[in-house]
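Right, one structure below, let's go through it.
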Amino acid sequence: MPQARGGTPGAADSIQDIRFGRHGGYDRLVIDFGKKDGAAVSVPLWRLSSPAGEGYSRIYLPGVRSTSASGGKLGGSIMDDYYVVRAPNGGLFVDVFATGGFRYRVFGLDNPGRLVIDYQPSGSALGRPLPVRGRQVVVMEPRKGESVSSPLTVEGYARTFEGQVTVLLKNSNGDVIARKSTKANDWSNTWGYFRTTLGFRDFSGTGTLQVGSASAKTGQFEGVSVPVSGG
């Protein structure tokens, strides 16, 4: 199913840990929840979204405000890495990226409260390229090689200094044809979500979308580059 949901309102207010293990033919991710100063007894409200043809799943946790885990490499047979992000409408979400098409199952466990997500390779091809992920920036939209036009929505999350994010669109000559600055909604505690719109004159051929920020030490631009083409 592309979506699943469950949990109990107010059962937890934090993520205590995110654990990973390999079990024969599948990979397992376990989210451990906390409440106040101890472990949660049951699982809070959650909603999992796994869009068809995409190489990731997103677990929304609207009642969870803090986390002790912010992301990391998983290195499973199908699971690649994960990110904990401050959601734009409150709470957190956890993005789990795969290396290809997958099937999943999800269920909650009590005493203590844990959400378990098992992933297994499906053998199917992805319908879109995976989002471009870097050390400090993840760009969910647009994707590598996509055709873009104005206005262009740029969406993702970052852990840049003070949440400052700069978006640059360059043409095939390396000339900057559009620039926009925005701010992610977190950076010190976990990944912060951002979404902005870039306006520009239409261009043809290939181009590059750069998303990141200037280094506090060197002043050089640090981030990710997404190859795009003019619409």
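By convention here, the first residue in the shown sequence is residue 1. Heavy-atom basis, side chains included; hydrogens, waters and symmetry copies ignored.
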Is a salt bridge present between Asp186 and Arg159, judged by a nitrogen-to-oxygen distance below 4.0 Å? no
If only atom types and distance count, is the side chain of Arg65 paired as donor or acceptor with the main-chain N or O of Gly90 below 3.5 Å? no
Side-chain heavy-atom pair Ser68, Asp17 within 4.5 angstrom cut-off: no
Leu115 side, atom CG; Leu48 side, atom CG - distance, nearest 0.5 Å: 8.0 Å
Just verifying a value: how many Å separate Ser229 OG and Phe203 CZ, rounded to the nearest 0.5 Å? 7.0 Å
NZ/NE/NH1/NH2 to OD/OE distance under 4.0 Å, Glu146 and Arg128: yes
Interatomic distance, Leu109 atom CG to Asp32 atom CG [nearest 0.5 angstrom]: 10.0 Å
Side chain to side chain contact (heavy atoms under 4.5 Å, CB included) test vs Arg133 passes for just one of Val224, Asp81, Val139, namely Asp81
Counting distance only, does the side-chain N/O of Ser122 pair as donor-acceptor with the main-chain N or O of Gly101 below 3.5 Å? yes
Here the pair of heavy atoms bringing Asp80 nearest to Lys73 is OD1-NZ, 2.6 Å
So Asp13 and Lys35, salt bridge (charged side-chain N to carboxylate O under 4.0 Å, His left out) or not? Walk me through it. CA-CA 5 Å; Asp13 56 19; Lys35 187 171 184 179; over 6 Å; no
Distance check, rounded to the nearest 0.5 Å: Ile15 atom CD1 versus Ser66 atom OG? 8.5 Å
Please lay out, stage by stage, how Asp27 and Ser77 fare under the test side-chain hydrogen bond (donor to acceptor under 3.5 Å, both in side chains). CA-CA 7 Å; Asp27 295 342; Ser77 61; 3.1 Å; yes
State yes or no: are the ring centers of Phe97 and Tyr83 separated by less than 6.0 Å? yes
When every non-hydrogen atom of Asp202 is compared with those of Ser150, the smallest separation belongs to OD1-N, 4.2 Å
Minimum heavy-atom separation for Tyr60 and Ser49, please, with both atom names. CE1-CB, 4.3 Å
Phe194: which residues meet the ring pair (Phe, Tyr, Trp, His ring centres under 6.0 Å) condition with it, sequence neighbours left out? none
Worked verdict on Lys170 versus Thr208 for side-chain hydrogen bond (donor to acceptor under 3.5 Å, both in side chains): CA-CA 5 Å; Lys170 296 182 177 181; Thr208 303; over 6 Å; no
Is there a donor-acceptor contact under 3.5 Å from the side chain of Asp95 to the main chain of Tyr56? no
Taking the cut-offs as 6.0 angstrom to the six-membered ring centre and 45 degrees off its axis, would you call Arg103 and Tyr119 a cation-pi pair? no
Would a 4.5 Å heavy-atom cut-off, applied to side chains only, mark Leu29 and Val116 as touching? no
Between Asp118 and Arg28, does the salt bridge (charged side-chain N to carboxylate O under 4.0 Å, His left out) criterion hold? Intermediate values first, please. CA-CA 4 Å; Asp118 292 336; Arg28 169 167 288 183; 2.7 Å; yes
Given Ile59 and Leu61, is the side chain to side chain contact (heavy atoms under 4.5 Å, CB included) satisfied, shown in steps? CA-CA 6 Å; Ile59 304 101; Leu61 302 165; 4.1 Å; yes
Taking Asp110 for its side chain and Pro112 for its backbone only, find out whether a donor-acceptor pair lies under 3.5 Å. no
With a 4.5 Å heavy-atom cut-off, do Val84 and Trp191 have their side chains touching? no
Examine distances only and state if a side-chain atom of Arg195 and a backbone atom of Glu155 form a donor-acceptor pair shorter than 3.5 Å. no
Please answer whether the main-chain N or O of Thr197 pairs with a side-chain N or O of Lys180 as donor and acceptor at a distance below 3.5 Å. yes
Can you name the closest pair of heavy atoms from Ser225 and Val132 and give their distance? O-CG1, 4.0 Å
OG1 on Thr153 to CG on Leu198, rounded to 0.5 Å: 9.5 Å
Any side-chain heavy atom of Val137 within less than 4.5 Å of one from Val165? no
Which heavy atom of Asn189 sits nearest a heavy atom of Ser70, and at what distance? O-CB, 4.3 Å
Short side-chain to backbone donor-acceptor contact, Glu54 and Pro51, under 3.5 Å: no
Could you tell me the separation between the OH atom of Tyr82 and the CD1 atom of Ile31, rounded to the nearest 0.5 Å? 9.0 Å
For Gly212 and Thr160, the nearest pair of non-hydrogen atoms, with its separation, is C-CG2, 4.5 Å
Could you see if Leu92 belongs to whatever hydrophobic cluster contains Ile117? Use Ile, Leu, Val, Met, Phe, Trp, Tyr and a side-chain cutoff under 4.5 Å. yes
So, using side-chain contact (heavy atoms from CB on, under 4.5 Å) as the criterion, who are the partners of Thr166 when residues are at least two apart? Leu168, Arg179, Ser181, Phe221
Please collect all ring-ring contact (aromatic ring centres under 6.0 Å, His included) contacts where either partner lies in residues 26-49, sequence neighbours excluded, each pair once. His23-Tyr26
Ring centre gap for Tyr193 and Tyr157 strictly below 6.0 Å: no
May I have the step-by-step check of salt bridge (charged side-chain N to carboxylate O under 4.0 Å, His left out) for Glu162 and Lys183, ending in yes or no? CA-CA 8 Å; Glu162 294 185 340; Lys183 194 167 185 177; 5.7 Å; no
